[in-house]
Number of protein chains: 2
Amino acid sequence: MLTKPPGMAAMPEAPRGTRDLLFLREAEIRLAQDLLFFGYRGFTAPPDQILETLDMGRAHHRVLHFVGRRPGITVGDLLGILGITKQSLGRVLQPMIADDYVTQTAGRSDKRQRLLSLTEKGAALERQLYDSQREVIMRAYREAGPQAVEGFRRVMRGLMGEAAREEIDRLEARRP
Amino acid sequence: MLTKPPGMAAMPEAPRGTRDLLFLREAEIRLAQDLLFFGYRGFTAPPDQILETLDMGRAHHRVLHFVGRRPGITVGDLLGILGITKQSLGRVLQPMIADDYVTQTAGRSDKRQRLLSLTEKGAALERQLYDSQREVIMRAYREAGPQAVEGFRRVMRGLMGEAAREEIDRLEARRP
DNA sequence: TGGATATGTCAATCATGCTGACCAAACCCC
DNA sequence: GGGGTTTGGTCAGCATGATTGACATATCCA
(Lines give C-alpha, C1' and ligand atoms only; values in the text may rest on other atoms or scores of the structure.)
Protein backbone atom coordinates (compact mmCIF):
# COMPACT_ATOMS: atom_id res chain seq x y z
CA MET A 1 0.00 0.00 0.00
CA LEU A 2 2.90 2.37 0.67
CA THR A 3 4.60 3.98 -2.29
CA LYS A 4 8.15 5.18 -2.56
CA PRO A 5 8.82 8.92 -2.92
CA PRO A 6 5.91 11.39 -2.91
CA GLY A 7 6.57 12.95 -6.31
CA MET A 8 5.48 16.49 -5.57
CA ALA A 9 3.85 18.57 -8.27
CA ALA A 10 5.95 21.22 -10.02
CA MET A 11 5.62 24.90 -9.10
CA PRO A 12 3.83 26.94 -11.73
CA GLU A 13 6.13 28.64 -14.20
CA ALA A 14 6.83 32.37 -13.95
CA PRO A 15 9.19 34.63 -15.84
CA ARG A 16 12.42 35.54 -14.04
CA GLY A 17 12.09 38.65 -11.90
CA THR A 18 8.38 38.42 -11.28
CA ARG A 19 8.81 35.12 -9.51
CA ASP A 20 9.35 36.56 -6.04
CA LEU A 21 6.40 38.88 -6.38
CA LEU A 22 4.05 36.12 -7.46
CA PHE A 23 5.38 33.93 -4.73
CA LEU A 24 4.63 36.54 -2.08
CA ARG A 25 1.16 36.91 -3.49
CA GLU A 26 0.56 33.19 -3.18
CA ALA A 27 1.84 33.19 0.38
CA GLU A 28 -0.65 35.93 1.21
CA ILE A 29 -3.57 34.02 -0.21
CA ARG A 30 -2.55 30.81 1.55
CA LEU A 31 -2.32 32.75 4.80
CA ALA A 32 -5.81 34.11 4.24
CA GLN A 33 -7.13 30.57 3.79
CA ASP A 34 -5.54 29.49 7.05
CA LEU A 35 -6.76 32.55 8.92
CA LEU A 36 -10.32 32.05 7.76
CA PHE A 37 -10.30 28.36 8.65
CA PHE A 38 -8.89 28.73 12.15
CA GLY A 39 -10.55 32.08 12.81
CA TYR A 40 -14.01 30.87 11.91
CA ARG A 41 -13.51 27.84 14.08
CA GLY A 42 -12.52 30.01 17.03
CA PHE A 43 -15.59 32.12 16.44
CA THR A 44 -18.03 29.18 16.40
CA ALA A 45 -16.46 27.13 19.19
CA PRO A 46 -17.99 28.87 22.26
CA PRO A 47 -21.65 28.68 21.16
CA ASP A 48 -21.15 25.12 19.92
CA GLN A 49 -20.07 24.13 23.41
CA ILE A 50 -23.22 25.59 24.97
CA LEU A 51 -25.50 24.18 22.29
CA GLU A 52 -24.36 20.60 22.67
CA THR A 53 -25.55 20.57 26.29
CA LEU A 54 -29.04 21.44 24.97
CA ASP A 55 -29.07 18.89 22.13
CA MET A 56 -28.88 21.65 19.57
CA GLY A 57 -26.45 22.50 16.83
CA ARG A 58 -25.18 25.38 14.78
CA ALA A 59 -28.34 25.34 12.68
CA HIS A 60 -30.40 26.21 15.75
CA HIS A 61 -28.04 29.04 16.59
CA ARG A 62 -28.41 30.51 13.13
CA VAL A 63 -32.19 30.49 13.47
CA LEU A 64 -32.01 32.15 16.88
CA HIS A 65 -29.56 34.71 15.57
CA PHE A 66 -31.39 35.78 12.44
CA VAL A 67 -34.89 35.64 13.94
CA GLY A 68 -33.60 37.72 16.83
CA ARG A 69 -31.96 40.07 14.37
CA ARG A 70 -35.15 40.54 12.37
CA PRO A 71 -38.23 39.80 14.52
CA GLY A 72 -41.31 39.06 12.45
CA ILE A 73 -39.24 37.66 9.57
CA THR A 74 -41.10 35.37 7.20
CA VAL A 75 -40.09 31.75 6.69
CA GLY A 76 -39.24 32.53 3.08
CA ASP A 77 -36.93 35.39 3.98
CA LEU A 78 -35.21 33.25 6.60
CA LEU A 79 -34.69 30.52 4.02
CA GLY A 80 -33.14 33.08 1.71
CA ILE A 81 -30.70 34.27 4.35
CA LEU A 82 -29.70 30.80 5.48
CA GLY A 83 -29.44 29.47 1.95
CA ILE A 84 -31.00 26.09 2.75
CA THR A 85 -34.18 24.28 1.70
CA LYS A 86 -37.44 24.55 3.60
CA GLN A 87 -37.22 20.86 4.47
CA SER A 88 -33.88 21.44 6.17
CA LEU A 89 -35.17 24.46 8.01
CA GLY A 90 -38.35 22.64 9.01
CA ARG A 91 -36.53 19.96 10.88
CA VAL A 92 -34.75 22.56 13.00
CA LEU A 93 -37.50 25.16 13.25
CA GLN A 94 -40.50 22.99 14.10
CA PRO A 95 -38.93 21.52 17.25
CA MET A 96 -37.85 25.03 18.28
CA ILE A 97 -41.47 26.17 18.00
CA ALA A 98 -42.67 23.10 19.90
CA ASP A 99 -40.09 23.75 22.64
CA ASP A 100 -41.15 27.41 22.90
CA TYR A 101 -38.00 29.06 21.60
CA VAL A 102 -39.73 30.60 18.58
CA THR A 103 -43.31 31.74 17.93
CA GLN A 104 -45.24 32.04 14.70
CA THR A 105 -47.87 34.67 13.96
CA ALA A 106 -50.00 34.83 10.84
CA GLY A 107 -49.06 37.79 8.63
CA ARG A 108 -51.41 40.80 8.85
CA SER A 109 -51.54 41.57 5.16
CA ASP A 110 -50.79 38.09 3.88
CA LYS A 111 -52.23 35.41 6.11
CA ARG A 112 -50.25 32.67 4.44
CA GLN A 113 -47.09 34.00 5.97
CA ARG A 114 -45.83 32.78 9.30
CA LEU A 115 -43.99 35.63 10.95
CA LEU A 116 -41.27 34.32 13.26
CA SER A 117 -40.12 35.86 16.52
CA LEU A 118 -38.20 34.70 19.57
CA THR A 119 -40.02 33.90 22.80
CA GLU A 120 -38.57 35.02 26.11
CA LYS A 121 -36.98 31.60 26.38
CA GLY A 122 -35.52 31.84 22.88
CA ALA A 123 -34.25 35.35 23.45
CA ALA A 124 -32.59 34.25 26.69
CA LEU A 125 -30.75 31.42 24.96
CA GLU A 126 -29.81 33.64 22.05
CA ARG A 127 -28.35 36.14 24.49
CA GLN A 128 -26.33 33.45 26.21
CA LEU A 129 -24.91 32.32 22.87
CA TYR A 130 -24.33 35.93 21.88
CA ASP A 131 -22.43 36.61 25.09
CA SER A 132 -20.11 33.67 24.50
CA GLN A 133 -19.26 34.96 21.04
CA ARG A 134 -19.09 38.54 22.24
CA GLU A 135 -16.21 37.57 24.51
CA VAL A 136 -14.16 36.15 21.65
CA ILE A 137 -14.91 39.05 19.32
CA MET A 138 -14.26 41.73 21.95
CA ARG A 139 -10.92 40.20 22.79
CA ALA A 140 -9.91 40.05 19.14
CA TYR A 141 -11.11 43.62 18.53
CA ARG A 142 -9.38 44.96 21.63
CA GLU A 143 -6.07 43.29 20.78
CA ALA A 144 -6.19 44.39 17.15
CA GLY A 145 -7.31 47.99 17.65
CA PRO A 146 -10.02 50.09 16.00
CA GLN A 147 -8.26 50.61 12.71
CA ALA A 148 -7.76 46.88 12.30
CA VAL A 149 -11.44 46.34 13.04
CA GLU A 150 -12.39 48.67 10.22
CA GLY A 151 -10.06 46.76 7.90
CA PHE A 152 -11.53 43.45 9.01
CA ARG A 153 -15.00 44.70 8.16
CA ARG A 154 -13.98 45.89 4.74
CA VAL A 155 -12.33 42.59 3.82
CA MET A 156 -15.17 40.45 5.14
CA ARG A 157 -17.69 42.46 3.15
CA GLY A 158 -15.56 41.92 0.08
CA LEU A 159 -15.54 38.16 0.57
CA MET A 160 -19.30 37.81 0.32
CA GLY A 161 -21.45 38.09 -2.77
CA GLU A 162 -23.49 41.13 -3.70
CA ALA A 163 -26.69 39.53 -2.38
CA ALA A 164 -25.18 38.90 1.04
CA ARG A 165 -23.84 42.45 1.17
CA GLU A 166 -27.31 43.81 0.56
CA GLU A 167 -28.69 41.45 3.17
CA ILE A 168 -26.24 42.76 5.75
CA ASP A 169 -27.14 46.34 4.90
CA ARG A 170 -30.79 45.46 5.40
CA LEU A 171 -30.01 43.90 8.78
CA GLU A 172 -28.01 46.93 9.83
CA ALA A 173 -30.67 49.39 8.70
CA ARG A 174 -33.37 47.58 10.67
CA ARG A 175 -31.42 48.24 13.85
CA PRO A 176 -34.09 49.23 16.43
CA MET B 1 -50.80 26.40 16.36
CA LEU B 2 -50.40 30.13 15.78
CA THR B 3 -50.12 32.37 18.80
CA LYS B 4 -51.15 35.99 19.08
CA PRO B 5 -48.43 38.62 19.60
CA PRO B 6 -44.74 37.61 19.64
CA GLY B 7 -43.93 38.90 23.13
CA MET B 8 -40.35 39.98 22.56
CA ALA B 9 -37.81 39.70 25.33
CA ALA B 10 -36.85 42.84 27.22
CA MET B 11 -33.56 44.62 26.50
CA PRO B 12 -30.99 44.21 29.26
CA GLU B 13 -30.96 47.09 31.73
CA ALA B 14 -28.25 49.74 31.59
CA PRO B 15 -27.76 52.94 33.62
CA ARG B 16 -28.74 56.16 31.87
CA GLY B 17 -25.89 57.70 29.89
CA THR B 18 -24.00 54.49 29.21
CA ARG B 19 -26.96 53.10 27.32
CA ASP B 20 -26.00 54.47 23.94
CA LEU B 21 -22.43 53.32 24.32
CA LEU B 22 -23.42 49.79 25.25
CA PHE B 23 -25.92 49.75 22.45
CA LEU B 24 -23.31 50.71 19.91
CA ARG B 25 -21.05 48.01 21.26
CA GLU B 26 -23.76 45.42 20.80
CA ALA B 27 -24.42 46.61 17.24
CA GLU B 28 -20.72 46.14 16.49
CA ILE B 29 -20.67 42.60 17.79
CA ARG B 30 -23.85 41.68 15.93
CA LEU B 31 -22.34 43.08 12.77
CA ALA B 32 -19.24 40.97 13.31
CA GLN B 33 -21.41 37.86 13.60
CA ASP B 34 -23.15 38.66 10.33
CA LEU B 35 -19.88 39.46 8.56
CA LEU B 36 -18.31 36.19 9.64
CA PHE B 37 -21.33 34.16 8.61
CA PHE B 38 -21.76 35.66 5.16
CA GLY B 39 -18.05 36.21 4.58
CA TYR B 40 -17.10 32.64 5.39
CA ARG B 41 -19.83 31.41 3.11
CA GLY B 42 -18.56 33.56 0.26
CA PHE B 43 -15.10 32.20 0.87
CA THR B 44 -16.14 28.54 0.75
CA ALA B 45 -18.67 28.77 -2.06
CA PRO B 46 -16.32 28.61 -5.09
CA PRO B 47 -14.44 25.44 -4.10
CA ASP B 48 -17.67 23.81 -2.96
CA GLN B 49 -19.04 24.26 -6.44
CA ILE B 50 -16.03 22.55 -8.03
CA LEU B 51 -15.94 19.78 -5.46
CA GLU B 52 -19.53 18.72 -5.93
CA THR B 53 -18.82 17.85 -9.56
CA LEU B 54 -16.17 15.43 -8.28
CA ASP B 55 -18.28 13.85 -5.54
CA MET B 56 -16.16 15.46 -2.88
CA GLY B 57 -16.88 17.86 -0.07
CA ARG B 58 -15.25 20.44 2.11
CA ALA B 59 -13.54 17.75 4.14
CA HIS B 60 -11.61 16.65 1.06
CA HIS B 61 -10.59 20.22 0.36
CA ARG B 62 -9.24 20.62 3.87
CA VAL B 63 -7.11 17.52 3.45
CA LEU B 64 -5.79 18.74 0.10
CA HIS B 65 -5.07 22.17 1.54
CA PHE B 66 -3.21 21.13 4.66
CA VAL B 67 -1.32 18.25 3.07
CA GLY B 68 -0.31 20.61 0.29
CA ARG B 69 0.66 23.18 2.87
CA ARG B 70 2.83 20.75 4.79
CA PRO B 71 4.01 17.89 2.53
CA GLY B 72 5.14 14.86 4.52
CA ILE B 73 2.78 15.66 7.38
CA THR B 74 1.93 12.73 9.64
CA VAL B 75 -1.61 11.47 10.06
CA GLY B 76 -1.51 12.48 13.70
CA ASP B 77 -0.47 16.05 12.95
CA LEU B 78 -3.17 16.36 10.32
CA LEU B 79 -5.74 15.12 12.83
CA GLY B 80 -4.56 17.76 15.25
CA ILE B 81 -4.95 20.54 12.71
CA LEU B 82 -8.36 19.44 11.49
CA GLY B 83 -9.63 18.74 15.00
CA ILE B 84 -11.49 15.56 14.04
CA THR B 85 -11.19 11.88 14.95
CA LYS B 86 -9.11 9.43 12.98
CA GLN B 87 -12.26 7.55 12.00
CA SER B 88 -13.67 10.70 10.42
CA LEU B 89 -10.42 11.44 8.65
CA GLY B 90 -10.07 7.85 7.52
CA ARG B 91 -13.31 7.88 5.64
CA VAL B 92 -12.15 10.88 3.62
CA LEU B 93 -8.45 10.11 3.37
CA GLN B 94 -8.51 6.46 2.36
CA PRO B 95 -10.58 7.04 -0.79
CA MET B 96 -8.30 9.95 -1.67
CA ILE B 97 -5.31 7.62 -1.45
CA ALA B 98 -7.13 4.96 -3.49
CA ASP B 99 -8.03 7.56 -6.13
CA ASP B 100 -4.42 8.77 -6.30
CA TYR B 101 -4.86 12.26 -4.87
CA VAL B 102 -2.65 11.58 -1.84
CA THR B 103 0.32 9.27 -1.25
CA GLN B 104 1.64 7.71 1.93
CA THR B 105 5.27 7.05 2.66
CA ALA B 106 6.61 5.26 5.73
CA GLY B 107 8.51 7.61 8.02
CA ARG B 108 12.32 7.40 7.89
CA SER B 109 12.99 7.62 11.60
CA ASP B 110 9.67 6.20 12.78
CA LYS B 111 8.32 3.57 10.45
CA ARG B 112 4.90 3.58 12.08
CA GLN B 113 4.23 6.99 10.67
CA ARG B 114 2.51 7.45 7.32
CA LEU B 115 3.84 10.66 5.81
CA LEU B 116 1.23 12.23 3.55
CA SER B 117 1.88 14.17 0.36
CA LEU B 118 -0.12 15.20 -2.67
CA THR B 119 0.29 13.37 -5.96
CA GLU B 120 0.43 15.32 -9.21
CA LYS B 121 -3.27 14.70 -9.55
CA GLY B 122 -3.95 15.88 -6.01
CA ALA B 123 -1.78 18.97 -6.42
CA ALA B 124 -3.58 19.83 -9.67
CA LEU B 125 -6.97 19.66 -7.98
CA GLU B 126 -5.73 21.58 -4.99
CA ARG B 127 -4.46 24.30 -7.29
CA GLN B 128 -7.78 24.49 -9.07
CA LEU B 129 -9.56 24.90 -5.74
CA TYR B 130 -6.95 27.39 -4.60
CA ASP B 131 -7.40 29.45 -7.76
CA SER B 132 -11.14 29.69 -7.22
CA GLN B 133 -10.62 30.97 -3.68
CA ARG B 134 -7.76 33.18 -4.75
CA GLU B 135 -10.13 35.11 -6.99
CA VAL B 136 -12.50 35.88 -4.14
CA ILE B 137 -9.73 36.81 -1.75
CA MET B 138 -7.85 38.96 -4.27
CA ARG B 139 -10.98 40.89 -5.09
CA ALA B 140 -11.75 41.50 -1.41
CA TYR B 141 -8.14 42.50 -0.71
CA ARG B 142 -7.97 44.81 -3.70
CA GLU B 143 -11.22 46.55 -2.86
CA ALA B 144 -10.33 46.93 0.80
CA GLY B 145 -6.73 48.08 0.42
CA PRO B 146 -3.46 46.96 2.06
CA GLN B 147 -4.09 48.59 5.41
CA ALA B 148 -7.46 46.87 5.69
CA VAL B 149 -5.78 43.56 4.86
CA GLU B 150 -3.40 44.01 7.75
CA GLY B 151 -6.34 44.75 10.04
CA PHE B 152 -8.21 41.71 8.78
CA ARG B 153 -5.21 39.54 9.62
CA ARG B 154 -4.88 40.93 13.10
CA VAL B 155 -8.54 40.38 13.91
CA MET B 156 -8.67 36.87 12.46
CA ARG B 157 -5.64 35.89 14.50
CA GLY B 158 -7.35 37.21 17.59
CA LEU B 159 -10.45 35.10 16.95
CA MET B 160 -8.58 31.81 17.11
CA GLY B 161 -7.21 30.08 20.17
CA GLU B 162 -3.55 30.07 21.15
CA ALA B 163 -3.03 26.60 19.70
CA ALA B 164 -4.35 27.62 16.29
CA ARG B 165 -2.19 30.74 16.34
CA GLU B 166 0.89 28.61 16.91
CA GLU B 167 -0.23 26.24 14.18
CA ILE B 168 -0.50 29.10 11.71
CA ASP B 169 2.94 30.35 12.68
CA ARG B 170 4.29 26.86 12.05
CA LEU B 171 2.63 26.74 8.64
CA GLU B 172 4.02 30.16 7.75
CA ALA B 173 7.52 29.31 8.92
CA ARG B 174 7.60 26.15 6.80
CA ARG B 175 7.10 28.31 3.73
CA PRO B 176 9.40 26.72 1.11
C1' DT C 1 -62.94 30.46 -10.47
C1' DG C 2 -58.44 29.05 -11.13
C1' DG C 3 -53.53 29.57 -11.15
C1' DA C 4 -49.65 31.21 -8.36
C1' DT C 5 -47.60 31.64 -3.84
C1' DA C 6 -46.24 30.48 1.13
C1' DT C 7 -45.73 26.97 4.06
C1' DG C 8 -45.60 22.30 5.84
C1' DT C 9 -44.53 17.45 5.55
C1' DC C 10 -43.30 12.54 4.09
C1' DA C 11 -39.65 9.67 2.44
C1' DA C 12 -35.22 8.70 0.93
C1' DT C 13 -30.42 9.90 0.55
C1' DC C 14 -25.79 11.98 1.40
C1' DA C 15 -21.76 14.08 3.90
C1' DT C 16 -19.51 14.58 7.86
C1' DG C 17 -18.95 14.38 12.27
C1' DC C 18 -19.08 11.20 16.77
C1' DT C 19 -18.18 6.88 20.20
C1' DG C 20 -16.52 2.37 21.35
C1' DA C 21 -13.98 -1.54 20.33
C1' DC C 22 -10.37 -3.83 18.53
C1' DC C 23 -6.07 -4.99 15.68
C1' DA C 24 -1.25 -4.69 13.88
C1' DA C 25 3.15 -2.84 13.57
C1' DA C 26 6.78 -0.36 15.41
C1' DC C 27 9.01 1.95 19.10
C1' DC C 28 11.16 2.38 23.49
C1' DC C 29 12.57 1.35 27.97
C1' DC C 30 13.69 -1.75 31.72
C1' DG D 1 14.08 -9.80 25.03
C1' DG D 2 9.81 -8.69 26.67
C1' DG D 3 6.14 -5.60 27.72
C1' DG D 4 3.86 -1.40 27.61
C1' DT D 5 3.08 2.73 24.59
C1' DT D 6 2.38 4.98 20.36
C1' DT D 7 0.78 5.34 15.50
C1' DG D 8 -2.34 4.15 12.43
C1' DG D 9 -6.30 1.50 10.42
C1' DT D 10 -10.86 -0.43 10.61
C1' DC D 11 -15.59 -2.16 11.90
C1' DA D 12 -20.18 -1.02 13.57
C1' DG D 13 -23.51 2.14 14.93
C1' DC D 14 -25.36 6.72 15.55
C1' DA D 15 -26.49 11.99 15.09
C1' DT D 16 -26.80 16.17 12.59
C1' DG D 17 -27.79 18.87 8.95
C1' DA D 18 -27.93 19.20 4.40
C1' DT D 19 -30.18 17.44 -0.22
C1' DT D 20 -34.20 16.06 -3.78
C1' DG D 21 -38.85 14.87 -5.14
C1' DA D 22 -43.59 14.67 -4.35
C1' DC D 23 -47.59 16.20 -2.45
C1' DA D 24 -51.07 18.91 0.73
C1' DT D 25 -53.20 23.10 2.43
C1' DA D 26 -54.38 27.70 2.78
C1' DT D 27 -54.35 32.00 0.89
C1' DC D 28 -53.79 35.55 -2.57
C1' DC D 29 -54.80 37.72 -6.79
C1' DA D 30 -56.25 38.41 -11.56
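Proteins come first, then strands; the chains are lettered A, B, ... in the order of their sequence lines, and each starts at number 1.
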Grab the N/O contacts between the protein and nucleotides 16-20 of chain D below 3.5 Å, and write none if there aren't any.
unit_1 : atom_1 : unit_2  : atom_2 : d
D:dG17 : OP1    : A:Gly57 : N      : 3.3
D:dG17 : OP1    : A:Arg58 : N      : 3.4
D:dG17 : N7     : A:Arg91 : NH1    : 3.4
D:dG17 : N7     : A:Arg91 : NH2    : 2.7
D:dA18 : OP1    : A:Arg62 : NH2    : 2.5
D:dA18 : N7     : A:Arg91 : NH2    : 2.6
D:dA18 : N6     : A:Arg91 : NH1    : 3.4
D:dT19 : OP2    : A:Thr85 : N      : 2.8
D:dT19 : OP2    : A:Thr85 : OG1    : 2.8
D:dT19 : OP2    : A:Ser88 : OG     : 2.7

I need the [atom1]-[atom2] distance between [X] and [N], as an integer number of Å.
X: A:Leu51; N: C:dG17; atom1: CG; atom2: P; answer: 18 Å
X: A:Leu93; N: C:dT9; atom1: CG; atom2: C1'; answer: 13 Å
X: A:Glu52; N: C:dC18; atom1: CD; atom2: C1'; answer: 11 Å
X: A:Gln113; N: D:dT27; atom1: CD; atom2: P; answer: 13 Å
X: B:Leu79; N: D:dT6; atom1: CG; atom2: P; answer: 16 Å

* Residues in salt bridge (charged side-chain N to carboxylate O under 4.0 Å, His left out) with A:Glu143, at least two apart? ->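 For A:Glu143 the salt bridge (charged side-chain N to carboxylate O under 4.0 Å, His left out) partners, ignoring immediate neighbours, are A:Arg139.
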
* Asked: Who pairs with A:Arg62 by salt bridge (charged side-chain N to carboxylate O under 4.0 Å, His left out), at least two apart in sequence or on another chain?
  ->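 Here no residue qualifies.
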
* Asked: Does OP1 or OP2 of D:dG8 have a side-chain N or O of B:Gln94 closer than 4.0 Å?
  ->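 No.
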
* To do: Could you tell me whether A:Glu28 and B:Arg153 make a salt bridge, using a distance below 4.0 angstrom between a side-chain N and a carboxylate O?
  =>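 Here A:Glu28 pairs with B:Arg153 in a salt bridge, since their nearest N and O are under 4.0 Å apart.
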
* Under 4.0 Å protein heavy-atom contacts per nucleotide of nucleotides 25-30 of chain C, with B for base, S for backbone only and - for none -> BBS---

* Contact list for residues 71-112 of chain B, test ring pair (Phe, Tyr, Trp, His ring centres under 6.0 Å), sequence neighbours left out ->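 Not a single pair qualifies under ring pair (Phe, Tyr, Trp, His ring centres under 6.0 Å).
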
* Is the Lys NZ or Arg CZ of B:Arg30 less than 6.0 Å from the centre of A:Tyr130's six-membered ring, within 45° of the axis? ->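 Yes.
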
* If you look at every strand shown and take non-hydrogen atoms under 4.0 Å, does B:Gly76 touch a base, only sugar-phosphate, or nothing? ->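 Sugar-phosphate contact only - B:Gly76 comes under 4.0 Å of backbone atoms but never of a base.
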
Show every donor-acceptor pair shorter than 3.5 Å between a side-chain atom in residues 44-55 of chain A and any protein atom, with sequence neighbours excluded, or say none if there are none.
unit_1  : atom_1 : unit_2  : atom_2 : d
A:Thr44 : OG1    : A:Tyr40 : O      : 3.1
A:Thr44 : OG1    : A:Arg41 : O      : 3.2
A:Thr44 : OG1    : A:Arg58 : NH2    : 3.4
A:Asp48 : OD1    : A:Arg58 : NE     : 3.4
A:Asp48 : OD2    : A:Arg58 : NE     : 3.2
A:Asp48 : OD2    : A:Arg58 : NH2    : 2.7
A:Thr53 : OG1    : A:Ile50 : O      : 2.6

* To do: For B:Arg114 and B:Arg112, indicate whether the former's side chain and the latter's backbone hold a donor-acceptor pair under 3.5 Å.
  =>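 The answer is yes, because a donor-acceptor pair under 3.5 Å joins these two groups.
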
